[in-house]
Amino acid sequence: MSVISWIILGLIAGFIGSKIVNKSGQGMLMDIVLGIVGAVIGGVIFNFFGAAGVTGLNIYSLIVSVIGAVVVLFLYHAVSGKKQLR
């Protein structure tokens, strides 16, 4: 995947993940970073269970990235002490 594809996937996955966890976005830059990190974490989680990780700019990769972003957000809020759900 190209850098532009990772940024687009990261933005969408980070935005959806932040809406799931705390009902408000983290800001565009934080959503992109969260989504890209979430894509990597989601890929690791899916590979651990024997499924394919991020395969490109498609719906399956978006689902993997969103799951990873939700995990990263829960960990972020646990470490920072911020409320998760409002």
Side-chain angles (χ1 to χ4, degrees):
M1 277 179 36
S2 70
V3 173
I4 300 296
S5 298
W6 275 104
I7 291 172
I8 292 170
L9 182 67
L11 176 63
I12 296 168
F15 178 76
I16 293 171
S18 63
K19 290 292 185 180
I20 290 171
V21 172
N22 64 358
K23 307 294 187 245
S24 64
Q26 299 290 327
M28 185 172 13
L29 184 61
M30 186 65 169
D31 282 346
I32 291 172
V33 171
L34 171 68
I36 293 171
V37 172
V40 172
I41 299 298
V44 168
I45 291 170
F46 273 62
N47 282 329
F48 178 76
F49 289 110
V54 175
T55 59
L57 191 57
N58 53 38
I59 298 297
Y60 176 75
S61 295
L62 181 63
I63 293 168
V64 170
S65 300
V66 168
I67 291 170
V70 168
V71 169
V72 169
L73 254 176
F74 275 120
L75 292 175
Y76 170 75
H77 287 297
V79 169
S80 69
K82 294 183 180 181
K83 277 189 168 180
Q84 293 174 345
L85 301 173
R86 293 187 205 174

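When a residue number appears, it is its place in the shown sequence, counting from 1.
Cluster membership for F49 and V64, using ILVMFWY side-chain heavy atoms within less than 4.5 angstrom, is shared.
In this structure, the side chain to side chain contact (heavy atoms under 4.5 Å, CB included) partners of N58, at least two apart in sequence or on a different chain, are T55, Y60, S61. Qualifying side chain to side chain contact (heavy atoms under 4.5 Å, CB included) partners for I67, counting only residues two or more places apart in sequence or in other chains: F46, I63. Residues meeting the side chain to side chain contact (heavy atoms under 4.5 Å, CB included) test with V40, sequence neighbours left out: none.
Atoms CG and CD1, on L75 and I41 in that order, are 8.0 Å from each other to the nearest 0.5 Å.
Residues L9 and L62 share a closest heavy-atom pair of CD1-CA, 3.8 Å. The shortest heavy-atom contact between A13 and S65 is CB-CB, 3.4 Å.
When each of V72, V70, V71 is tested with V21 by the rule side chain to side chain contact (heavy atoms under 4.5 Å, CB included), just one qualifies, namely V70.
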